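To start, the structure itself, in structure tokens.
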Amino acid sequence: MLQTGSLLDNKYKILSEIGHGGMSVVYLAINERANKTWAVKEVRKSGIIDFEAVKQGLMAETDMLKKLRHPCLPSIIDVLDFEDSFIIVMDYIEGSSLGKILETQGAQAEKNVVRWGKQLCDVLGYLHRQNPPIIYRDMKPSNVMLKPDGNIALIDFGTAREFKNKSMIEDTTCLGTRGYAAPEQFGGRGQSDPRTDIYCLGATLYHLITGRSPAEPPYEIKPLSYWMPEYAGSGLEKLILKCTRPDPNERYQSCEELMYAFRHYKDEDESAMKYRRKIWKMFVSGIAVGCIGLGGAAGFNMAGNRAKEATYEFNVEMASMMESLDGAKEYLNRALELDPGEKDAYLAIMTLVDNDILKNDGRLSSNTANMVNGFLKSTSSGLGANEEMLKSENPAIYAELMYDLGIDYFFMKDNTAENKKFASENYFAPIQDEKYSGLLDEGKSELSAILYRIGSYISSMNTNISKYKDDLNEAGNYRSLFEDYSAIVAVNLKDKVGKDIYCIKIYELIASEIAKDFERYISDGVSKNDLNSILNKIKNDLKDLNIKWDNPVFDDWNNAKETVNAAAMTVLSIK
């Protein structure tokens, strides 16, 4: 066994034992030069009958992991083959296994189970897309680590195998864990394939949501409602039952299909289905009752209003079920034609915009931005009929919508000056009116005003550079711009913009503008200490964001830090 304090391969200092199994011991180690902790898995020859066979299996596992890169998978750093032991150095996954969490806490909350299920579905889909596909085959709570940031990691690839698509060879032994393993993992019942992992994932979800282990007698997976009556007819119950069908042909056929089911599982709830049927009944019966039963103009109008409301609600409901604004476009257009002043369609738009931002590294895509503008405006600038109606009938929703869209447009993915010009003129400008800015909370109102001014400066600089210089060379203009930057840095920016990427891009923008025009700030009365102070505050704020390496905006965060450091060096060079 490795000793605490010993140095392995002149690089890894053993700190403590953190786990052990029948054949191996896992240690926490540190590479002191890199100041990075690792997990060290040691398999010793003594006590193992066929060590060479075990070693070959471990080598196959490490070779498999070496070529994989996914935020939910540990990376292999080093493999050391000694005469009496085989050692694997890998990422140290901090946290607790879901198995331990079930032991101490019991059944888990639905929102957590669904979130973990989506992450596991994503990583399994990644494995299945390899060439050849990798079938994990041992999904269970004890093989899933919950990290401190709330995300999960999949560990232990001892039973994973590469799928041979044209092979008729069956899995001849049970490779997996009874209760979680699919029927085909038992000898003589067929070859395991991606649907096998879907079964194992369903069994894992079942254990997490019910607290009942399928690995204990009678080794059954019952409907959720058997244990929790409130889940009778629920979408989640249907999803888990379909994952765990004994016949692979009756399960979800791919992780992509299962992910779609995850995103829409609430739509399969009996209550949601009844609601949609009710909407249609209102739509059909409203006119009939009004026109025939009441038999007059007043009745016809009443029925018409009821039908209009029902149709509006139906279209908003259908739009809300879509994954993208593009898919919801027709439903939203119908809803806006019926009632352009009602808030629900606009709230659905904002939800779909947020979905788009999540899919695009935290930023608004050009396609979605253009569609939003089409919903609101009849021309490339100026108010359209829909926006006029919303502004008149729901001013508070209008103010929030303009603020959110202004922020989104200001920091679109391509991040051009044109975006800032558009955001300033079309979204921030309308809510500078006190009537609307007063409906926002104070921080949002202040930030929208600052970004409106900054966007105007930047767009002027790019469209008419000489005019921009003339304007800003007037005494006090650069000082005013610096005060705007200072005001942004002084607020709790994350609360005001809501997304890490926007905070990062605001800080990067300020640092790059200071570095580019530092002489103008100095000549306008901004001291070197003032410039240093704001850059140091930005450095600390970026550090506090603490973006992890597997976050889609990690590279942006690093780039922003480099920009701020470069700006600080520029300021230091001022005589």
Side-chain angles (χ1 to χ4, degrees), residues 57 60-61 64 72-73 97-99 102 113-114 116-130 132-144 152 154-210 212-224 226 236-262 265:
E61 175 184 347
M64 189 184 296
C72 293
L73 296 177
S97 75
L98 294 183
L102 280 167
V113 173
V114 170
W116 300 333
K118 287 179 179 177
Q119 290 185 36
L120 291 169
C121 185
D122 182 67
V123 70
L124 288 175
Y126 169 78
L127 294 174
H128 298 166
R129 288 191 297 273
Q130 301 306 302
I134 294 170
I135 314 303
Y136 179 70
R137 299 197 302 180
D138 200 20
M139 177 71 69
K140 56 186 176 182
S142 60
N143 279 348
V144 182
I152 55 89
L154 192 58
I155 60 173
D156 195 346
F157 274 66
T159 62
R161 69 192 285 268
E162 292 182 337
F163 175 65
K164 298 174 177 60
N165 192 39
K166 295 182 180 179
S167 173
M168 297 302 293
I169 299 171
E170 297 177 338
D171 294 339
T172 55
T173 57
C174 178
L175 294 173
T177 303
R178 184 175 184 183
Y180 301 99
E184 62 269 22
Q185 290 180 260
F186 295 83
R189 302 196 186 184
Q191 184 184 191
S192 56
D193 63 22
R195 297 171 298 178
T196 304
D197 281 342
I198 287 172
Y199 183 101
C200 301
L201 176 55
T204 298
L205 296 174
Y206 172 83
H207 191 176
L208 290 168
I209 196 73
T210 64
R212 309 279 176 167
S213 172
E216 296 174 358
Y219 307 106
E220 287 184 274
I221 294 178
K222 299 179 182 291
L224 299 188
Y226 181 88
L236 188 58
E237 180 178 65
K238 294 174 185 176
L239 183 149
I240 291 174
L241 284 175
K242 185 167 182 176
C243 284
T244 54
R245 298 287 185 202
D247 183 351
N249 294 316
E250 294 179 0
R251 299 173 204 154
Y252 296 104
Q253 297 299 291
S254 68
C255 283
E256 288 73 23
E257 187 181 343
L258 176 55
M259 185 63 82
Y260 182 85
F262 266 121
Y265 79 96

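Everything quoted here is computed from the prediction, not taken from an experiment.
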Check the pair Arg245, Asp247 against salt bridge (Lys or Arg N to Asp or Glu O under 4.0 Å), reporting the backbone distance first and the verdict last.
CA-CA 5 Å; Arg245 298 287 185 202; Asp247 183 351; over 6 Å; no

Give me the atom names and distance for the closest heavy-atom approach of Ile221 to Ala203.
CD1-CB, 3.7 Å

So which atom in Met259 and which in Asp122 form the shortest heavy-atom distance, rounded to 0.1 Å?
CE-N, 3.8 Å

Within 45° cone of Tyr199 ring axis and under 6.0 Å: Arg251 NZ or CZ:
no

Please report the interatomic distance CD1(Ile198) to CD(Glu257), rounded to the nearest 0.5 Å.
7.5 Å

Show, in sequence, the C-alpha distance, side-chain angles and deciding distance for Tyr126 and Arg129, and conclude whether the side chain to side chain contact (heavy atoms under 4.5 Å, CB included) test is met.
CA-CA 5 Å; Tyr126 169 78; Arg129 288 191 297 273; 3.9 Å; yes

In short, Pro246 meets Pro183 closest at the heavy-atom pair O-CG, 3.8 Å

Taking the side chain as every heavy atom from C-beta outward, state whether Ile209 and Val114 have any pair of such atoms under 4.5 Å apart.
no

Using side chain to side chain contact (heavy atoms under 4.5 Å, CB included), reason through Tyr252 and Leu201 one step at a time and then give a plain yes or no.
CA-CA 11 Å; Tyr252 296 104; Leu201 176 55; over 6 Å; no

d(Leu124 CG, Ile134 CD1) to nearest 0.5 Å is 11.0 Å

In Å, rounded to the nearest 0.5 Å, how long is the span from CG of Leu102 to CZ of Arg212?
12.5 Å

Show your reasoning for whether side chain to side chain contact (heavy atoms under 4.5 Å, CB included) applies to Leu127 and Leu73.
CA-CA 10 Å; Leu127 294 174; Leu73 296 177; 4.0 Å; yes

Glu184 versus Thr196, side-chain donor and acceptor atoms under 3.5 Å:
yes

Tyr226, OH atom: more than 12 neighbouring heavy atoms under 6.0 Å
no

Which pair of non-hydrogen atoms, one from Ser142 and one from Ile155, has the smallest distance, and what is that distance?
O-CD1, 4.1 Å

Could you go through Leu154 and Met139, starting from their C-alpha distance and side-chain angles, then the distance that decides it, and tell me whether this counts as side chain to side chain contact (heavy atoms under 4.5 Å, CB included)?
CA-CA 8 Å; Leu154 192 58; Met139 177 71 69; 3.9 Å; yes

Could you state the interatomic distance from CD (Gln253) to NZ (Lys242), rounded to the nearest 0.5 Å?
8.0 Å

Asn143 side, atom CG; Tyr136 side, atom OH - distance, nearest 0.5 Å
3.5 Å

dist Thr177:OG1 -> Asp138:CG (nearest 0.5 Å) comes out at 4.0 Å

Can you confirm whether Arg137 sits close enough to Cys200 that some side-chain heavy atom of one is under 4.5 Å from a side-chain heavy atom of the other?
no

Within the 4.5 Å heavy-atom criterion, are Ser97 and Val144 side-chain neighbours or not?
no

Does a side-chain heavy-atom distance below 4.5 Å link Tyr206 with Lys222?
yes

Can you name the nearest heavy-atom pair linking Arg195 to Pro248, along with the distance?
CD-O, 3.4 Å

Smallest separation among heavy atoms of Leu258 and Cys243, with atom names
CD1-SG, 3.7 Å

